[in-house]
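One structure is given here, and the rest of the page talks about it.
Letters A, B, ... mirror the listed sequences (proteins, then strands); counts begin at 1. Predicted model only: the values in this text are computed from it and were never measured.
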There are 2 protein chains.
Amino acid sequence: MNDHLSTTFAALADPTRRAILAKLASGEASVSELAEPFSISMPAITKHLKVLENAGLISRTRSAQFRPCKLQAAPLKEVAGWVEEYRRFWSESFDRLEAYLAEVQAEEHAGKKKKKHKKKHKRSSVNH
Amino acid sequence: MNDHLSTTFAALADPTRRAILAKLASGEASVSELAEPFSISMPAITKHLKVLENAGLISRTRSAQFRPCKLQAAPLKEVAGWVEEYRRFWSESFDRLEAYLAEVQAEEHAGKKKKKHKKKHKRSSVNH
DNA sequence: TCTGTAATTAACCAATCAGCTAAATAACCA
DNA sequence: TGGTTATTTAGCTGATTGGTTAATTACAGA
């Protein structure tokens with residue numbers, strides 16, 4: 001597991017880390033502030049933050065003895081892009097689009113009209 | 001790690017498993033067919049399939065001595081929903097929307113007009 | 001019934017993970 | 001300088017993970 005996407009998914013596969021991200025969604029926070037809602041030790045939080053930072057999901061600055069964390073959402077964009085490739089497998093409207101396209105293609109095969117068309121809905125470009 | 005979302009993210013945090021899902025995106029496949037592109041043993045594939053099935057990302061039927069797998073995208077819908085909550089943190093247009101709303105609010109505070117408005121962009125409902 | 005193919009289970013291994021306590025740094029405050 | 005607060009590092013643990021090989025189950029077909 002060394003690719004970017006795997007690292008991101010792994011970082012998100014923990015409710016504590018997702019809760020940390022959720023908190024950071026409302027602004028920067030110090031380590032202690034982030035630790036407050038949880039009943040785990042500070043070193044455990046430090047480790048979670050390291051995982052998130054390593055995945056590029058947070059960045060850290062320095063302010064006096066505090067080390068505030070800030071949400072960095074770029075990796076989530078990548079996740080959204082990946083999952084989007086599968087939207088048609090759950091999206092109702094996409095199913096309808098598929099049905100429509102199949103219908104149109106059937107009509108074309110029947111030879112009612114002969115427009116030339118280029119790609120009409122590429123479907124095999126799911127990347128892993 | 002026992003919640004649904006964590007299980008799903010964990011299942012996706014492996015390139016082999018994502019490749020299996022990608023292959024299943026073009027239709028059902030047997031275990032051997034899924035194993036073919038990889039240089040790992042069959043039992044390893046069986047384990048990966050068990051992880052995916054456990055996450056609800058695939059379902060399995062029985063056909064003779066084959067056990068074909070089928071993509072089940074429902075959990076990905078949940079993932080898409082989760083990540084969507086963070087879209088504003090990477091989306092340029094959302095940034096512009098935020099700026100616009102801030103501007104509107106500033107005008108209201110200045111008392112130029114007094115329309116009452118209800119929610120104006122709830123921002124703290126990020127769930128983990 | 002015997003043989004070959006498909007897939008799983010069992011048992012093991014090394015690496016990683018999420019947590020802990022105790023100790024070490026780092027920076028502010030008096 | 002010394003004390004307090006914030007955070008990290010070190011070192012340990014038990015559980016999980018991703019892989020292996022060997023054995024087992026399930027079925028099709030001759």
> Considering residues at least two apart in sequence or located in another chain, which fulfil the side-chain contact (heavy atoms from CB on, under 4.5 Å) criterion with A:E33?
Replying inline: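 Expected list: A:A29, A:S30.
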
> Which residues pass the side-chain contact (heavy atoms from CB on, under 4.5 Å) test with A:A44, sequence neighbours left out?
Replying inline: A:I40, A:S41

> From the 5' end of DNA chain C to its 3' end, which nucleotides mark the outer limits of contact with chain A, defined by a 4.0 Å heavy-atom distance cut-off (strictly under)?
Replying inline: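 Extent of the interface on DNA chain C: C:dA18 to C:dC28.
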
>> Restricting to side chain to side chain donor-acceptor pair (under 3.5 Å), what partner residues turn up for B:S6, sequence neighbours left out?
In response: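 Result, side chain to side chain donor-acceptor pair (under 3.5 Å) vs B:S6: A:R18, B:D3.
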
> Residues in side chain to side chain donor-acceptor pair (under 3.5 Å) with B:E78, at least two apart?
Replying inline: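 Only B:H4 meet the side chain to side chain donor-acceptor pair (under 3.5 Å) criterion with B:E78.
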
> In terms of the nearest nucleotide of DNA chain C, which residue is placed more toward the 5' end: B:V31 or A:D14?
Replying inline: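 Nearer the 5' end of the strand: B:V31.
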
> Mapping A:V51 and B:E33 to their closest nucleotides on DNA chain C, which lands nearer the 5' end?
Replying inline: B:E33

> Any sub-3.5 Å donor-acceptor pair from A:S26's side-chain atoms to A:K23's backbone N or O?
Replying inline: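 Side chain of A:S26 to backbone of A:K23: a pair is present.
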
> For B:K77, does its backbone N or O pair with a side-chain atom of A:Y86 as donor and acceptor, under 3.5 Å?
Replying inline: no

>> Are B:F66 and B:L34 linked, directly or through intermediate hydrophobic residues, by side-chain heavy-atom contacts shorter than 4.5 Å (ILVMFWY only)?
In response: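 Each belongs to a different hydrophobic cluster.
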
For residues 46-60 of chain A, dump all side-chain donor-acceptor pairs below 3.5 Å to protein atoms at least two apart in sequence or in another chain.
unit_1, atom_1, unit_2, atom_2, d
A:T46, OG1, A:M42, O, 3.4
A:H48, ND1, A:R17, NH1, 3.1
A:S59, OG, A:Q72, NE2, 2.9
A:R60, NH2, A:R67, O, 3.4

Can you measure from [atom1] ([X]) to [atom2] ([Y]) and round to the nearest 0.5 angstrom?
{"X": "A:F38", "Y": "A:T16", "atom1": "CZ", "atom2": "OG1", "result": "5.5 Å"}
{"X": "A:L71", "Y": "A:E28", "atom1": "CG", "atom2": "CD", "result": "10.5 Å"}
{"X": "B:S91", "Y": "A:L76", "atom1": "OG", "atom2": "CG", "result": "13.0 Å"}

>> For A:W82 and A:F9, take the angle between the two ring planes, folded into 0 to 90°, and tell me which bin it lands in: parallel under 30, tilted 30 to 60, perpendicular over 60.
In response: perpendicular

> Excluding sequence neighbours, so at least two apart, what forms salt bridge (charged side-chain N to carboxylate O under 4.0 Å, His left out) with B:E84?
Replying inline: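 Testing B:E84 for salt bridge (charged side-chain N to carboxylate O under 4.0 Å, His left out), a comparison that skips the adjacent residues, returns B:R87.
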
> First and last nucleotide of DNA chain D touching chain B, 5' to 3', heavy-atom cut-off 4.0 Å?
Replying inline: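 For DNA chain D, the relevant span reads D:dG18 to D:dA28.
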
> Does any residue of residues 55-73 of chain A have a heavy atom under 4.0 Å from DNA chain D, and if so, which ones, in number order?
Replying inline: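 Within residues 55-73 of chain A, the residues near DNA chain D are A:R60, A:Q65, A:F66, A:R67.
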
>> Please list, in numerical order, the residues of residues 38-48 of chain B that have a heavy atom closer than 4.0 Å to any atom of DNA chain C.
In response: B:M42, B:P43, B:T46, B:K47

